[in-house]
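Here is the structure we will look at, set down as structure tokens.
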Amino acid sequence: MTVKLWLRKTMYATYEEYISEFRNDQIPHDEGEARIVRALEKASRLADSYIRAGGLDAPVTDAGGIEDIKGFVLDIGRYYL
């Protein structure tokens, strides 16, 4: 019997939300969208690790909870870029 593990990619913010939030920043030209998406994925994973460390279930699926997390994920994604 083969067991497959499916990794769920959870992102608490999108590329469009990043562009809307930081439209005055310089956006990377070469592979810019892909780099931003990767940074947001990484920031979302970091957020999940903190959520789990606090004893809560992650990923967050509640719309209100996602809105609470989104600003932090955008800021961390910006830092990763």
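These figures come from a predicted structure and were not determined experimentally.
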Query raised in the report: Can you tell me how far the CD atom of Glu16 sits from the CD1 atom of Ile36, to the nearest 0.5 Å?
Result: 10.0 Å

Requested in this report: Please check if atom CG in Asp57 has more than 12 non-hydrogen atoms from other residues, nucleotides or ligands closer than 6.0 Å.
Outcome: no

Query - Residues clustered with Tyr80, ILVMFWY side-chain links under 4.5 angstrom - result: Leu46, Tyr50, Ile76, Tyr79

Query raised in the report: If you round to the nearest 0.5 Å, how far is CD of Glu21 from CG of Leu74?
Result: 5.5 Å

Query - Arg35 (side chain) donor-acceptor with Gly32 (main chain) under 3.5 angstrom - result: no

**Report entry** Set of residues satisfying salt bridge (charged side-chain N to carboxylate O under 4.0 Å, His left out) with respect to Glu67, sequence neighbours excluded
**Finding:** Lys70

Query - Those residues that, when tested against Ile69, pass side chain to side chain contact (heavy atoms under 4.5 Å, CB included) (two or more places apart) - result: Tyr12, Ala47, Ile51, Val60, Val73

Report task. Could you pull out all residues at least two apart from Arg78 that satisfy salt bridge (charged side-chain N to carboxylate O under 4.0 Å, His left out)? Result -> Asp25

Query - Nearest atoms (heavy-atom pairs only) where Gly77 meets Ala39 - result: O-CB, 3.6 Å

Query raised in the report: For Tyr15, which residues count as a ring pair (Phe, Tyr, Trp, His ring centres under 6.0 Å) partner, sequence neighbours excluded?
Result: none

Query raised in the report: NZ of Lys42 to CE of Met11: how many Å apart, nearest 0.5 Å?
Result: 14.0 Å

Requested in this report: Go through the steps for Asp75 and Phe22 under the test side chain to side chain contact (heavy atoms under 4.5 Å, CB included), then give the verdict.
Outcome: CA-CA 9 Å; Asp75 290 340; Phe22 304 116; 3.6 Å; yes

Query raised in the report: Transitively linked via ILVMFWY side-chain contacts under 4.5 Å: Phe72 with Leu56?
Result: no

